[in-house]
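Beneath this line is the structure, given in structure tokens, with notes to follow.
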Amino acid sequence: MNLFADIRALVIDSLNAMVAAGDLPEGLDMANVAVEPPRDAAHGDMATNAAMVLAKPAGLQPRVIAETLAARLAADDRIVTAEVAGPGFLNLRLAPALWQAVVNAALAAGRDFGRSDMGKGIKVNVEFVSANPTGPMHVGHTRGAVFGDALAALLDFAGHEVTREYYINDAGAQVDVLARSAYERYREANGLSPEIAEGLYPGDYLIPVGEALKEKYGTTLLDKPESVWLADIREFATAAMLQMIRDDLALLGVRMDVFSSEKAITASGRIEEAIETLRGMGLIYDGTLEPPKGKLPEDWEEREQTLFRSTAHGDDVDRPVKKSDGSWTYFAPDIAYHWDKVHRGFDQLINVFGADHGGYVKRLKAVVSALSNGRVPLDIKLTQLVKLYKNGEPFKMSKRAGTFVTLRDVVEQAGADVTRFVMLTRKNDAPLDFDFDKVLEQSKDNPVFYVQYAHARVCSVIRKATEAGIAADDATLGAADLTELAHEAEIGLAKKIAEWPRLVEIAARGHEPHRVAFYLYELASDLHAHWNRGNEETGLRFIQDDAAVSQAKIALARAAGVVISAGLGILGVTPAEEMR
RNA sequence: GGCCCCGUAGCUCAGGGGAUAGAGCGACCGCCUCCUAAGCGGUAGGUCAUAGGUUCGAAUCCUAUCGGGGCCGCCA
């Protein structure tokens with residue numbers, strides 16, 4: 001049940017009736033007609049811009065349209081008043097029964113309240129994390145993991161068919177470096193001193209891998225040339241790293257549906273297929289690139305390479321797919337991988353990358369555009385840096401030094417719920433400060449706590465009522481007579497609840513899970529405020545002497561709790577039943 | 001040099017064509033005999049970086065400029 005959608009439908013019907021009656025010309029585009037909550041609640045419950053949007057194409061004064069529309073809307077028994085205001089806004093007041101019905105709908109649907117079918121039949125692939133399998137996940141990966149997982153959950157809630165996917169970069173030079181690093185740890189496990197040369201991965205996490213290699217190979221690989229052991233150790237170490245990454249993701253409650261391997265795609269011949277397909281479109285050619293403007297690299301020299309004409313699909317320059325020695329660039333398997341995704345029948349692709357991959361956005365969009373003939377949109381969400389603070393001091397992370405702060409460090413200190421919520425209370429493209437001290441604070445300064453507390457209060461009311469002998473189970477609350485729920489403060493809370501289905505669609509459409517977090521904060525705030533009004537006006541308390549009246553009021557609280565629970569579910573945060 | 005993101009209250013940030021631009025923190029003043037005061041109410045605080053443009057209407061869209069960050073052919 002989406003009350004805003006219902007009323008918009010009523011407005012559109014009324015406009016069509018006006019067309020039929022000759023009050024409006026035919027053929028008007030009503031796509032921009034919106035029904036939304038007014039900025040100022042004093043204006044009414046909902047406002048529509050219909051008259052202003054249609055005035056110009058209809059060749060009429062906005063107020064003329066608004067007056068006629070108002071008269072028609074007022075005839076519907078759901079509309080109490082329809083007033084023309086300002087330049088042509090139409091402010092609507094709705095019958096209290098509609099808001100009460102929202103409470104009923106929330107109780108009937110439970111955590112499914114707000115689910116949408118806007119994504120029905122749309123297959124979406126959300127690729128996220130895709131960290132190199134060369135070490136544990138760090139803080140930056142954590143943000144991408146949380147964002148991608150919440151976005152996937154949001155799209156699912158909005159009715160899409162969602163696949164969570166991880167692309168394993170297990171074919172490039174970095175996994176050779178991993179193999180060499182692991183080999184040194186293998187030597188170490190055999191009592192030799194490791195030589196962690198410059199450029200190898202120095203982290204301790206490879207020590208157990210070295211020991212496992214000793215278990216498997218004993219001393220047989222010692223003092224053998226790299227050509228003997230590289231491939232085997234690479235495979236072994238990559239598998240170990242991937243398992244570590246899966247464990248890290250599990251700490252956050254993130255589970256992937258599909259792991260795609262760069263190595264497998266390369267071996268499958270997909271690269272050649274994809275490049276030939278592009279060549280058939282005239283988008284592959286041999287040529288040379290202009291040197292980058294500004295600071296010229298010292299060793300710049302012109303070389304002929306195989307290039308992808310990405311400029312034909314919106315990129316700024318064409319991009320090399322082959323190095324001058326004829327081997328593939330990193331971009332080539334990416335082309336094959338995205339071609340593979342298109343071929344798997346997805347209708348929309350979403351990639352979540354760190355902001356340092358910003359330079360790849362245009363060329364990947366060009367690839368997907370070319371290979372899907374423009375059918376499949378690719379949205380790339382870049383997550384900005386996370387700055388960690390503790391005791392007022394910034395935490396540094398440096399993968400090279402082996403001293404970077406890992407996902408595990410963060411989750412063990414802050415907990416998965418807190419980590420997830422905090423990382424979602426910011427737009428993906430804004431930098432994020434993560435202060436361990438603030439994030440663990442139990443006060444209203446901490447949004448995680450604040451929202452959790454609101455949910456716990458609802459649970460508390462239900463417990464108290466039950467103890468007092470008032471049935472407050474969902475079935476009873478769902479059947480409660482809500483006509484008692486008429487106070488302006490109670491209707492106000494119901495209105496906030498009514499915004500939830502609309503919020504879900506807006507957030508899903510924009511691929512913006514942070515909107516859920518902000519909405520939950522607002523809803524929690526409304527609930528806390530309403531709770532405190534009970535101090536002054538005892539008639540607003542949830543538990544009253546009369547059981548039936550109590551049940552109506554508790555139903556309202558429970559409806560808010562249901563929405564908080566559903567929203568936290570999307571964010572991957574457990575709703576607290578009590579605070580400790 | 002080019003491309004991408006950002007610039008909104010003292011601070012951290014929402015809002016991203018619509019009415020008088022919001023929240024939290026910090027400051028100040030109030031609220032517990034009462035379902036959790038782990039909370040609530042109020043006051044103060046703004047040339048929405050700047051300058052043009054589009055529009056009935058711009059913090060929001062476009063252009064330019066300034067400031068911050070990121071990226072920029074054989075690294076992944």
Side-chain angles (χ1 to χ4, degrees), chain A residues 32 34 36 38-40 42-43 47 49 52-53 55-56 61-62 85-89 91 132 134 169 171-175 177 262 288-297 299-303 305 307 315-320 322-331 334 354-362 380 382 384-385 425-431 433 435 438 441-447 449-450 452-454 456-457 460-465 467-468 510 514-515 517-518 521-522 525 528-536 538 541-544 550 553-554 557 578-580:
Chain A
N32 289 329
E36 34 195 24
R39 175 161 284 178
D40 186 342
H43 291 137
N49 60 358
M52 287 180 290
V53 171
K56 197 166 185 182
Q61 293 293 325
F89 283 102
N91 291 324
N132 285 342
T134 55
N169 292 119
Q174 77 283 1
V175 284
V177 174
E262 178 186 1
T288 56
L289 286 172
E290 295 285 313
K293 300 282 193 290
K295 277 175 283 180
L296 198 64
D299 57 349
W300 174 270
E301 57 180 273
E302 211 166 76
R303 296 185 177 98
Q305 295 172 277
L307 299 170
D315 202 355
D316 307 307
V317 293
D318 292 339
R319 305 292 178 175
K322 273 188 181 176
K323 304 174 190 172
S324 53
D325 66 5
S327 64
W328 298 117
T329 61
Y330 173 79
F331 184 38
D334 263 349
D356 56 342
H357 283 62
Y360 262 75
V361 171
K362 284 194 177 182
I380 298 184
L382 300 177
Q384 281 289 342
L385 290 179
T425 48
R426 198 104 316 172
K427 286 182 292 197
N428 59 289
D429 50 13
D433 288 345
D435 187 324
K438 282 187 184 162
E441 202 170 290
Q442 304 249 309
S443 79
K444 64 174 176 180
D445 307 352
N446 180 357
F449 171 82
Y450 189 78
Q452 292 276 26
Y453 184 33
R457 275 185 149 171
S460 169
V461 165
I462 292 171
R463 277 196 303 272
K464 292 278 179 185
E467 285 168 19
H514 75 275
R515 287 179 184 272
F518 281 98
Y521 185 85
E522 290 168 13
S525 180
H528 288 308
H530 188 249
W531 181 289
N532 269 68
R533 284 189 75 159
N535 289 338
E536 298 285 326
T538 54
R541 293 185 192 173
F542 297 110
I543 299 174
Q544 303 284 334
S550 299
K553 293 178 187 302
I554 296 167
E578 57 185 323
M579 309 307 293
R580 305 218 170 104

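What's counted below: heavy atoms across the whole structure, side chains too, no hydrogens, waters or symmetry copies. Just so you know, these numbers come straight off a predicted model, no measurement behind them.
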message: Applying a 4.0 Å non-hydrogen cut-off, can you work out what A:Tyr521 is touching in the nucleic acid: base, sugar-phosphate, or nothing?
response: sugar-phosphate

message: Can you tell me how far apart OG1 (A:Thr329) and CZ (A:Arg319) are? Round to the nearest 0.5 Å.
response: 11.0 Å

Phosphate contact (B:G15 OP1 or OP2) by A:Lys427 side-chain N/O below 4.0 Å: yes

task: Would you mind classifying the nucleic acid contact of A:Arg533 as base, sugar-phosphate or nothing, using non-hydrogen atoms under 4.0 angstrom?
output: nothing

field: Gap separating the CD1 atom of A:Ile554 from the NZ atom of A:Lys464, nearest 0.5 angstrom
entry: 12.5 Å

message: Counting only side-chain heavy atoms from C-beta out, which of B:A37, B:G18, B:A76 sits nearest to A:Trp531?
response: B:A37

task: Could you tell me whether A:Pro447 contacts a base, only the sugar-phosphate backbone, or nothing, with contacts defined as non-hydrogen atoms closer than 4.0 Å?
output: nothing

message: Once you apply a heavy-atom cut-off of 4.0 Å, does A:Lys362 come out as touching a base, just sugar-phosphate, or nothing?
response: sugar-phosphate

task: Using a 4.0 Å heavy-atom cut-off across all strands, classify A:Ala47 as base, sugar-phosphate, or nothing.
output: base

query: So what does A:His357 hit on the nucleic acid, given a heavy-atom distance under 4.0 Å: a base, only sugar-phosphate, or nothing?
result: base

task: Would you tell me if any nitrogen or oxygen in the side chain of A:His530 comes within less than 4.0 Å of OP1 or OP2 on B:G41?
output: no

- request: For B:C62 and B:G18, measure between their P atoms and round to the nearest Å.
  value: 15 Å

query: Reckon A:Arg463 touches a base, only the sugar-phosphate, or nothing at all at heavy-atom distances under 4.0 Å?
result: nothing

message: Between A:Lys56 and B:C56, is there a contact of a side-chain N or O with OP1 or OP2 at under 4.0 Å?
response: yes

message: In this structure, how many angstroms lie between the P atom of B:C75 and the CG atom of A:Asn169, rounded?
response: 15 Å

- request: Starting from C1' on B:G2, measure out to CG on A:Asp318 and report it in whole angstrom.
  value: 15 Å

- prompt: Given that both distances must come in under 3.5 Å, which nucleotide forms a Watson-Crick or G-U wobble pair with B:G17?
  reply: none

- line: When rounded to whole Å, the NZ to P distance for the pair A:Lys464 and B:C34 reads 11 Å

message: Students often get this wrong, so: under 4.0 angstrom with heavy atoms, is A:Gly86 touching a base, only sugar-phosphate, or nothing?
response: nothing

- request: Quick one: label A:Asn535 by what it contacts on the DNA or RNA (base, sugar-phosphate, nothing), any heavy atom closer than 4.0 Å.
  value: base

message: Distance check, rounded to the nearest 0.5 Å: A:Glu467 atom CD versus A:Ile462 atom CD1?
response: 12.5 Å

- request: Would you tell me if any nitrogen or oxygen in the side chain of A:Tyr453 comes within less than 4.0 Å of OP1 or OP2 on B:C40?
  value: no

query: NA contact type, A:Gln442, heavy-atom cut-off 4.0 Å: base, sugar-phosphate, or nothing?
result: base

task: Round to a whole Å and report the spacing from CG of A:Asn446 to C1' of B:U12.
output: 13 Å

field: Separation of atom CG in A:Asp356 from atom P in B:A76, rounded to whole Å
entry: 15 Å

field: Syn/anti state of B:C56 by chi, 90° boundary around 0
entry: anti

- request: Among B:C13, B:A59, B:C75, find the nucleotide with the atom closest to the side chain of A:Arg426.
  value: B:C13

task: Calculate, to the nearest 0.5 Å, the distance between atoms OH and OG belonging to A:Tyr453 and A:Ser443 respectively.
output: 11.5 Å

- prompt: Would one find a side-chain N or O of A:Ser443 under 4.0 angstrom from OP1 or OP2 of B:A38?
  reply: no

task: Using a 4.0 Å heavy-atom cut-off across all strands, classify A:Arg457 as base, sugar-phosphate, or nothing.
output: sugar-phosphate

